[in-house]
Undergrad: 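I have a structure here, written as C-alpha cells, and I will follow up with some questions on it.
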There are 2 protein chains.
Amino acid sequence: MLTKKGKYGLKAMAHLARFAPGRPVPVLEIATTQNIPKKFLDAILCELRNCGYVVSKMGKGGGYTLARPADQITVGDIVRALDGPLAPLPCASKTRYRPCDDCGNVERCAVRLVMRDAQRALSGVLDNCTLARACELAETIPLCYHI
Amino acid sequence: MLTKKGKYGLKAMAHLARFAPGRPVPVLEIATTQNIPKKFLDAILCELRNCGYVVSKMGKGGGYTLARPADQITVGDIVRALDGPLAPLPCASKTRYRPCDDCGNVERCAVRLVMRDAQRALSGVLDNCTLARACELAETIPLCYHI
DNA sequence: TTTATACCTATCTAATAGGTAGACATTATA
DNA sequence: TATAATGTCTACCTATTAGATAGGTATAAA
C-alpha cells in the first residue's frame, strides 16, 4: 500500500510534468491545487531533490522543476524513492533484497516465490510508466468512465 | 507491502496445504516449524477461521485444516483477508473502492489510473495463484537458483 | 480426570504515518 | 540595498498500527 507521502509525491511530480515547461513552480501552488499540506509537501520535494528527481531554485521566482524530461522519469522511480521497494516482501525485492530472518529455506519458500512474481508484475507496470505517459493517460480517458 | 501478519498467514496456509490431507494440525506445530510466534499465529488463524478459509477442531487431537481444497483458495484471498485490499491506493481498489478526499477529479487522476493498472497486475498474479500452485512452485524449483 | 488443544480478553512497546512550528538562507526585483 | 517571496533545516507532536505477550477459559479425546 502506497503511503500518503508516495501519493502526494506522485501528484506533485505529475503537476510539474504538466505545468512546468521551464519556469519553476512554487511549492504553495502545487500544495493548493493538489490539496496537499504545504509543510508536508516541502519535506517530500526536498527528499525528491536529494534523490535527483527535481531541481529547486531558491528565492523570489523560485520553485521546483523536473530534473529530467517527464518521459525519462518513471512512476516506479518515485515510488521507490519515497516509499521503498515495490516488492511486497523484502526477500522478494530486486533492488533491495533482504532475507527474512524467520525463513528456513529462502530458495524454496513458497511465499517468497509468489511475491517475486508479484514484484515482477508490479514493476512491469510502474517501471514502464513514465510521468509523461501517466499524464497522457489522464487526459485521453473518455469522460464517462464507469467505476 | 505485506505485513508480518499477512506473511505468517500465508506461510501457515501453505503448511496446511502441504501437510494436512485430513488430520488437524495444531498451531504449535505450525508455529515451531515455520518460526512464527505462537500467540500471534493463534490470532491469525482465528481470523482466517472467521473468514471461512480454515476449520478448527478443539480439544485434544484438535488443530486447523483448510476449509476447502488447496486449489480452491488463492493467495489473493488470504492477503485480502489479513492485510486488506491489494490496490496500492483505496481509490484504485476493485473490491473496496473508496475515493480520496484530497482528489479533485477522481476520474482523471493520473495517479489513480496508474495504480489501477498496478492493481490489475497484482491481482492478476495473486488471484490466479492457488495455495496448491504456490507449494508446487516451491517444490519444482531447481536447486541452484540464482538470486 | 487428565491432557492437549483452541479461544478469548487484555495489555504492552516500539515504530511509523502524518503533520506542525519556527527560525534561517537565498535571491529577484523594486 | 531593502524587502518580499521563496526554499531549507531542525525539532517536535499526536494518533495509529504493527507486532507481539500474558493468562485464563472452554472443549474434547484418551
Side-chain angles (χ1 to χ4, degrees), chain A residues 1-12 16 20 22-32 34-67 79 82-85 88-90 100-102, chain B residues 1-12 16 20 22-32 34-51 53-67 79 81-85 88-90 100-102:
Chain A
M1 184 70 90
L2 209 59
T3 66
K4 295 225 173 189
K5 185 159 126 183
K7 184 175 83 169
Y8 290 161
L10 281 176
K11 286 178 74 175
L16 289 181
R23 66 139 186 156
V25 183
V27 178
L28 194 60
E29 178 187 318
I30 308 178
T32 51
Q34 302 293 328
N35 283 307
I36 303 173
K38 159 83 164 59
K39 284 287 188 181
F40 198 7
L41 186 54
D42 266 345
I44 293 167
L45 286 171
C46 191
E47 215 167 315
L48 289 174
R49 181 183 54 98
N50 293 336
C51 296
Y53 295 117
V54 293
V55 170
S56 64
K57 191 178 173 201
M58 279 177 69
K60 190 167 184 177
Y64 284 91
T65 329
L66 294 184
V79 172
L82 296 175
D83 279 352
L89 291 176
C100 297
D101 37 356
D102 59 280
Chain B
M1 183 72 92
L2 210 59
T3 65
K4 296 226 173 187
K5 185 160 127 184
K7 184 175 81 170
Y8 290 161
L10 281 176
K11 287 178 73 176
L16 290 180
R23 66 137 187 157
V25 182
V27 177
L28 194 60
E29 177 186 320
I30 308 178
T32 51
Q34 302 292 329
N35 283 307
I36 303 173
K38 158 83 164 62
K39 286 288 189 181
F40 198 7
L41 186 54
D42 265 346
I44 293 168
L45 285 170
C46 191
E47 216 168 314
L48 289 174
R49 181 183 52 98
N50 292 336
C51 297
Y53 294 117
V54 294
V55 170
S56 63
K57 190 180 174 199
M58 277 177 71
K60 189 166 183 175
Y64 283 92
T65 330
L66 293 184
V79 172
L82 296 175
D83 278 353
L89 291 176
C100 298
D101 37 357
D102 60 278

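The chains referred to below are lettered A, B, ... by the order of the sequence lines, with proteins before strands, and numbering in each begins at 1.
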Undergrad: At under 4.0 Å, does any side-chain N or O of B:Arg49 touch on OP1 or OP2 of C:dA6?
TA: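 Result: no.
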Undergrad: Looking at A:Tyr8 and A:Ile44, what are the two nearest heavy atoms and their distance?
TA: CB-CD1, 3.7 Å
Undergrad: Is there a side-chain contact between A:Tyr64 and A:Val25 (heavy atoms, below 4.5 Å)?
TA: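 The answer is no; the side chains never approach within 4.5 Å.
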Undergrad: Heavy-atom nearest nucleotide on DNA chain C for A:Met58 versus A:Tyr8: which residue maps closer to 5'?
TA: A:Tyr8
Undergrad: Could you list the residues that satisfy salt bridge (charged side-chain N to carboxylate O under 4.0 Å, His left out) with A:Asp83, not counting sequence neighbours?
TA: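 If we apply the salt bridge (charged side-chain N to carboxylate O under 4.0 Å, His left out) test to A:Asp83, skipping adjacent residues, there are no hits.
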Undergrad: Contact between A:Leu82 and A:Leu10 at the side-chain level, heavy atoms closer than 4.5 Å - yes or no?
TA: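 A side-chain contact is absent here, since even the closest heavy-atom pair is not under 4.5 Å.
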Undergrad: Tabulate atom names and distances for all N/O pairs under 3.5 angstrom spanning the protein and nucleotides 22-24 of chain C.
TA:
from	atom 1	to	atom 2	distance (Å)
C:dG22	N7	A:Lys39	NZ	3.4
C:dG22	O6	A:Lys39	NZ	2.5

Undergrad: Output side-chain donor-acceptor pairs under 3.5 Å for residues 46-63 of chain A, partner residues at least two apart or in another chain, one line each.
TA:
from	atom 1	to	atom 2	distance (Å)
A:Glu47	OE1	A:Lys5	NZ	3.3
A:Glu47	OE2	A:Lys5	NZ	3.3
A:Asn50	ND2	A:Cys46	O	3.4

Undergrad: In whole angstrom, give the distance that lies between atom NZ of B:Lys5 and atom C1' of C:dA15.
TA: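 That distance rounds to 17 Å.
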Undergrad: Apply side-chain contact (heavy atoms from CB on, under 4.5 Å) to B:Leu28 and B:Leu41, showing your working.
TA: CA-CA 9 Å; B:Leu28 194 60; B:Leu41 186 54; over 6 Å; no
Undergrad: What is the distance from CD of B:Glu47 to C1' of C:dC7, rounded to the nearest Å?
TA: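 After rounding, the reported distance stands at 14 Å.
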Undergrad: Could you pull out all residues at least two apart from A:Asp102 that satisfy side-chain hydrogen bond (donor to acceptor under 3.5 Å, both in side chains)?
TA: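 Listed in chain order: B:Lys7, B:Lys11.
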Undergrad: Any side-chain heavy atom of B:Leu16 within less than 4.5 Å of one from B:Ile30?
TA: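 With C-beta onward as the side chain, the pair touches.
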Undergrad: Between C1' on C:dC7 and CG on B:Leu28, what's the gap in Å once rounded to a whole number?
TA: 15 Å
Undergrad: Which residue lies toward the 5' end of DNA chain D, A:Leu45 or B:Lys4, if each is placed at its nearest nucleotide?
TA: A:Leu45
Undergrad: Rounded to the nearest 0.5 Å, how far does NZ of A:Lys4 lie from CG of B:Leu89?
TA: 10.0 Å
Undergrad: Any side-chain N or O of B:Ser56 less than 4.0 Å from the OP1 or OP2 oxygen of C:dT5?
TA: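 No.
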Undergrad: Once you round it to whole Å, what is the distance between P of C:dA17 and CG of A:Leu2?
TA: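 Result: 11 Å.
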Undergrad: Going 5' to 3' along DNA chain D, which are the first and last nucleotides with any atom under 4.0 Å from a heavy atom of chain A?
TA: D:dA5 to D:dC9
